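Here the structure is a predicted model, which means the values were calculated and not measured. Letters go in sequence order (proteins before strands), and every chain restarts at 1. Computation of the quantities below employed the complete heavy-atom set of this structure, encompassing side-chain atoms and omitting hydrogens, waters and symmetry-equivalent molecules.
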Amino acid sequence: MDGNIICIDELSSTSDSNVIPLPSKSWQPPTPPQSLCRLGSGTSVTLDCEGGIKAESRKLNPSKYKGVVPQPNGRWGAQIYEKHQRVWIGTFSEEDEAAMAYDIAAKCFRGQAAVTNFNQRSNTEDYDLEAAFLISHSKAEIVDMLREHAYYEELEQCKRKYVNANGDGKRVSMTEVLGDPSGPGRAAAACHLLFQKEVMQSDVGNLNRFVIPKQHAEKHFPLHNRSSPTTSKGTLLTFIDSGGKVWRFRYLYWNSSRSYVLTRGWSRFVKEKSLRAGDIISFHRSAGPEKQLHINYMRRSGLSQARPVHPVQKVRLFGVDIFQVSGTGGGVNCGGR
DNA sequence: CTTTGTGTTGAC
DNA sequence: TCAACACAAAGG
């Protein structure tokens with residue numbers, strides 16, 4: 001891709017031989033430094049007992065930002081810790097981007113008073129809206145947005161809804177705009193089936209992608225519309241499953257196979273749902289102005305499989321419990337108010 | 001193939 | 001809690 005050359009931060013001190021071109025393929029070891037410079041060094045060389053230069057370990061120059069770690073290819077990762085566990089926030093081209101992603105995660109995990117890399121702007125309306133946006137989403141969901149680089153887009157979308165709602169003369173809070181999925185007044189919005197597809201082995205194999213049949217893709221998920229910024233990298237589709245969980249998939253067209261595919265995010269779905277060849281995936285879109293997309297799955301019908309299968313699959317769809325007995329090929333009806 | 005992000009370890 | 005490092009898993 002863009003062969004980024006990472007430059008050195010001239011940190012600290014006095015005597016640094018600088019300008020260390022980092023992850024370059026044609027890297028030639030410099031004269032072995034007598035003393036390992038501890039900061040910003042690009043490479044360290046170790047001598048083995050025979051005295052030859054045997055191992056050359058790449059040393060990445062650390063980030064000046066909290067929660068940001070260098071990646072071998074010159075990009076930057078962001079991570080935060082909680083309860084002895086690392087939570088990965090994603091990788092970013094720019095160090096500052098990663099630092100900002102960490103800041104958002106920090107505020108999400110630890111509240112507005114969290115220690116962050118950059119100064120907090122205070123008392124603007126945007127600030128309040130973002131705070132409300134954060135507390136009205138789960139940590140997992142915010143992290144997901146950050147990883148997908150979709151956070152700002154989602155935030156802006158949310159702000160627009162808020163402004164529109166209040167423009168109608170109503171006073172509407174941010175949380176009302178967002179809706180409360182677990183609340184009692186949850187709208188059982190009607191939605192209709194877009195299409196279904198039987199899962200192929202290749203959809204759950206190590207290709208980590210799901211092929212959307214061309215006619216369905218072009219009809220329901222057009223790629224070249226006005227709102228999505230072109231790109232061969234495709235776009236992001238956001239779905240909700242029957243449990244209310246949000247799933248984001250990268251959606252694009254592969255020239256090599258001339259097919260429309262869901263890529264990034266798909267393997268997580270396969271893993272969590274334990275999808276297998278023969279299962280049925282169904283896509284729905286809710287009626288009304290929201291046009292929320294839904295994704296659902298059904299276990300493959302047929303009883304003669306040598307696998308432990310739950311005899312009854314309980315699906316909670318839009319607040320309605322649906323029981324599906326395996327062996328019946330019954331479709332899941334969608335919603336209903 | 002390239003890139004991501006997990007496993008792991010050891011500091012603070 | 002945190003980041004450094006190696007490298008297996010995921011992605012295209």
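Exactly one of K273(A), R299(A), K197(A) qualifies for a side-chain hydrogen bond (donor to acceptor under 3.5 Å, both in side chains) with D279(A). That residue is R299(A).
Whole-Å rounding puts the Q85(A) CD to dA3(C) P distance at 16 Å. Spacing between atom CG of L60(A) and atom C1' of dT3(B) amounts to 14 Å, rounded to whole angstrom units. The separation between R264(A) atom CZ and dT4(B) atom C1' is 7 Å, rounded to whole Å. Atom CZ in R250(A) sits about 11 Å away from atom P in dT4(B), given to the nearest Å. Rounding to whole angstrom units, CH2 of residue W88(A) and C1' of dG5(B) are separated by 5 Å. Atom pair W266(A):CH2 and dA9(C):C1' shows a separation of 19 Å (rounding to whole Å applied). Rounded to a whole Å, the CZ atom of R268(A) is 11 Å from the C1' atom of dT4(B). When the P atom of dG11(C) is taken as reference, atom CG of D203(A) falls 14 Å away, rounded to whole Å.
Taking the six-membered ring for Trp and the full ring otherwise, F92(A) and W76(A) have centroids separated by 6.0 Å or more. In summary, the aromatic rings of Y260(A) and F221(A) are positioned with their centroids too far apart to meet the 6.0 Å limit. Taking the six-membered ring wherever Trp is involved, the centroid distance between the rings of F133(A) and Y151(A) falls below 6.0 Å.
At the phosphate of dA10(C), neither OP1 nor OP2 sits under 4.0 Å from any side-chain N or O atom of R147(A). Under 4.0 angstrom from either OP1 or OP2 of dG11(C) there lies no side-chain N or O belonging to T263(A). OP1 or OP2 of dA10(C) has not a single side-chain nitrogen or oxygen of N208(A) nearer than 4.0 Å. K66(A) has no side-chain polar atom (N or O) that falls below the 4.0 Å cut-off from OP1 or OP2 of dT1(C). The shortest distance between the side-chain N/O atoms of S63(A) and the OP1/OP2 oxygens of dA3(C) is not below 4.0 Å. N73(A) has a side-chain polar atom (N or O) that falls below the 4.0 Å cut-off from OP1 or OP2 of dT4(B). Within the 4.0 Å cut-off from OP1 or OP2 of dT4(B), at least one side-chain nitrogen or oxygen of T91(A) is found. In this structure, R75(A) reaches the dT4(B) phosphate: one of its side-chain N or O atoms is under 4.0 Å from OP1 or OP2.
Position along DNA chain C of the nearest nucleotide to P70(A) versus K83(A) favours K83(A) as the more 5'-ward residue.
Taking atom P in both dG12(C) and dT6(B), the straight-line distance is 16 Å, to the nearest Å.
For a distance-only test at 3.5 Å, the side chain of Q71(A) qualifies as a donor-acceptor partner of the base of dG5(B). In the interface, the side chain of R86(A) is paired with the base of dG7(B) through a donor and an acceptor atom under 3.5 Å apart.
Aromatic ring orientation, H220(A) versus H216(A): parallel (interplanar angle below 30°, classes split at 30° and 60°).
Of all the heavy atoms in R147(A) and G90(A), the pair that sits closest is CG-N, 3.9 Å.
Residue R110(A) is in sugar-phosphate contact alone, with no base atom involved, counting any heavy-atom pair closer than 4.0 Å across all strands shown.
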